[in-house]
Amino acid sequence: MSGDHLHNDSQIEADFRANDSHKHKDKHKDREHRHKEHKKDKEKDREKSKHSNSEHKDSSEKKHKDKEKTKHKDGSSEKHKDKHKDKDKEKRKEEKIRLSAGDVKIKKEKENGFSSPPRIKDEPDDDGFYVPPKEDSKLLKRPREDDDAEYKPKKIKTEDIKKAKKRKQEEDEDNKAKKAKSKDKKVPEGDKKKKPKKEEEQKWKWICVLNNWLTFWWEEERYPEGIKWKFLEHKGPVFAPPYEPLPENVKFYYDGKVMKLSTKAEEVATFFAKMLDHEYTTKEIFRKNFFKDWRKEMTPEEKSTITNLSKCDFTHMSQYFKAQTEARKQMSKEEKQKIKEENERLLKEYGYCVMDNHKERIANFKIEPPGLFRGRGNHPKMGMLKRRIMPEDIIINCSKDSKIPAPPPGHKWKEVRHDNKVTWLVSWTENIQGSIKYIMLNPSSRIKGEKDWQKYETARRLKKCVDKIRNQYREDWKSKEMKVRQRAVALYFIDKLALRAGNEKEEGETADTVGCCSLRVEHIKLHPELDGQEYVVEFDFLGKDSIRYYNKVPVEKRVFKNLQLFMENKQPEDDLFDRLNTSILNKHLQDLMEGLTAKVFRTYNASITLQQQLKELTNPDDNIPAKILSYNRANRAVAILCNHQRAPPKTFEKSMMNLQSKIDAKKEQLADARRELKSAKADAKVRRDEKSKKTVESKKKAVQRIEEQLMKLEVQATDREENKQIALGTSKLNYLDPRISVAWCKKWGIPIEKIYNKTQREKFAWAIDMAEEDYEF
DNA sequence: TGATAAACTTAGAATCGGCAGA
DNA sequence: TCTGCCGATTCTAAGTTTATCA
């Protein structure tokens, strides 16, 4: 099945087509707008019903829930199913009529809150009771500050320990042959092949060459499930530098007149000024949010004067910052060196921690500076002020017996806790979404490396049972239960197309993006026949980071028919899988395989695809650059599968032209060299002496050298062109089992540096050390 | 059991910095 | 020595999954 991903030309072609997503932006904006309008209408209706039903709300809600429970528990409602379905249809019809008649737009409130019937053939007959609108979840949320104040360390779930034991047992059984090495250590299967002698060498290599502890980490004591460390010491975070007011000569103008701003207002104004050249500042939402938050920082006088953002002139400020950037570039070597040294000092002091017996690099030890929030896509909160984080916002996590970091003079931490069931060192709550931000360790750390390794081991376990799971979901396409069918079709998409799970999102809090479970009817089109193919589904939606997913995929007839069924009597804004969410799906997956979640399919399919593609594309006779091109192509196939797109680099056309002119020049050089060789040969034929023979040889070598250089350039051009809108890094870093790449390098004698840069080699040190050339994912 | 919080992974854009060629 | 390019690195947003609580 996973082969599907690769040989599906239409998909690849479509994905390439998808890359001009910006062309379709307007269409999407329009849709998004319509969806929002629709949701607004729903909200209004909810408000209405809230008022009219407020008295009965509680009791009817409870009743509904109870009925819902009973219905799902037993199959007693089966006999009523037909009636129910008819009623349901009737209701929808009514609504359709009302809607088309221009009546108040009321989103159909289905029984159980679902749009589709629970059973496919027969329908239970119930009252079609009204589902009360959801409470505004914002109101239900507890203030986070309280949470923090009453922090309790988490309990270790006994369940986890049981699970861990069980898994370990399985692994041990699986690895009987290799058991001698593993004993009490929890080492994932498949990585214990190495002969002791080689192990010693490897260990030594690590000690000598990298002075890295990595070699040891699977030799070390394992902690009980849930415990992440025993000792943790660090110096706390580095705060953003304080605001430096602008020099007197840098002016801000309002309505054409110079206006001196208060420090607070000025600081926020500089955030906008620094972004003046960015498209963001032209967007209405961005401007609106910025202005609203900016006004909060103004003095009453400023507030009464500055009432219109369009009358604000930030250009002078903007020019000042540009000049500063320029000046920074023009700094002398010494000045640059000084800055570099200061950064190194900071890194040395704050960039590392001690976790258990090891000094570990911290990923992000600097607190995010204040600024304007840059949401991706059509984010409703873009432009809002990201406030400055103070020590009083910071929670420090370290061990009791460590030297607790000191807050900056005159300040104190919000809290110091000692929770060794989490991996973060520092946390704070940001003000835009109210979410928690963390300072954690670098990917090269033990704690991250181990987790990464574990992730690929889970994906490898899926490999063993994926056929069974696929057969199961195929069976489920025929299920009598709507929920089961929807789950099976969604899983098919996740597996075949590597879609993300698709959690529900809070409306108005984020951009309108979806994943598999949250797909709406408007995101797919069904074509019984398209371009000579049967049963084609056309996907068009915005996924994570508002990256467009566009794909036309032929699917199996049963899937197609099911989709028709799921879409029946639904509005474009309705959920396609109205009886499914990620938690239902993941619970089901957990039953199929321990540790299985929707995400694992992406990892599995990405890695297996890389392995297959490498086998297919690597030509043993190729030289190293050509083999690397094959590797990149295999990587690209995965990136396409996972829809990892990037904006084409701004200088792309130019750099391609430069490369092309280099190629042309090289071709001319080659032609010259060949001419010279020809005449040298002719000369040697006449003279027949040693000197002319030698000349021929050296000319031959020159031709060869130039040919190689030309080939290298041409390969580079191909690679770059194919990579125009595809980002390889994401899949390389997050989805491809590094042991596949390491094994491939070893097999074909490719230096690992050609595939992984320094940082990547650090992150994948565990894999580089482990994998031999015969490693199989 | 469902909602929400917390923890952690995945993601693309922005920025940095080193190097090749003018 | 300067400039521009490009890969590396940093930054932080946006997901998924797990844990917790009512």
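Since the structure is predicted, the reported quantities are computational estimates derived from the model, not experimental observations.
Between A:Thr603 and A:Tyr438, the one whose closest nucleotide on DNA chain B sits nearer the 5' end is A:Tyr438. In this structure, A:Gln330 and A:Lys758 both approach DNA chain C, and ranking their closest nucleotides by distance from the 5' end singles out A:Gln330. Of the two residues contacting DNA chain C, namely A:Tyr756 and A:Pro369, the nearest-nucleotide position lying further toward the 5' end is that of A:Tyr756.
Distance alone, capped at 3.5 Å, is enough to place a donor-acceptor pair between the A:Arg646 side chain and the A:Lys724 backbone.
Of all the heavy atoms in A:Ile362 and A:Tyr350, the pair that sits closest is CD1-O, 3.4 Å.
At a threshold of 4.0 angstrom between heavy atoms, the contacts of A:Arg328 with the nucleic acid are absent.
Comment: A:Glu335 does not engage A:Lys338 in a salt bridge, judged by the lack of any side-chain N to carboxylate O separation of less than 4.0 angstrom. No salt bridge links A:Glu326 with A:Lys322; every basic N to acidic carboxylate O contact stays at or beyond 4.0 Å.
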Distances under 3.5 Å between protein N/O atoms and the N/O atoms of nucleotides 13-16 of chain C, please, pair by pair.
residue, atom, partner, partner atom, Å
C:dA13, OP1, A:Lys386, NZ, 3.1
C:dA13, OP2, A:Lys437, NZ, 2.4
C:dA14, OP1, A:Arg376, N, 2.5
C:dA14, OP2, A:His379, NE2, 3.3
C:dA14, O4', A:Asp545, OD1, 3.4
C:dG15, OP1, A:Thr513, OG1, 2.8
C:dG15, OP1, A:Asp545, N, 3.1
C:dG15, OP2, A:Lys505, NZ, 3.0
C:dT16, OP1, A:Ala501, N, 3.3
C:dT16, OP1, A:Gly502, N, 2.6
C:dT16, OP2, A:Asn503, N, 3.0
C:dT16, OP2, A:Asn503, ND2, 2.7

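Not less than 6.0 angstrom separates the ring centroid of A:Phe539 from the ring centroid of A:Tyr550.
Closest to the side chain of A:Trp424, from the set C:dT12, B:dA7, C:dT18, is B:dA7.
Judged by the 6.0 Å and 45° rule, A:Lys283 forms no cation-pi pair with A:Phe286.
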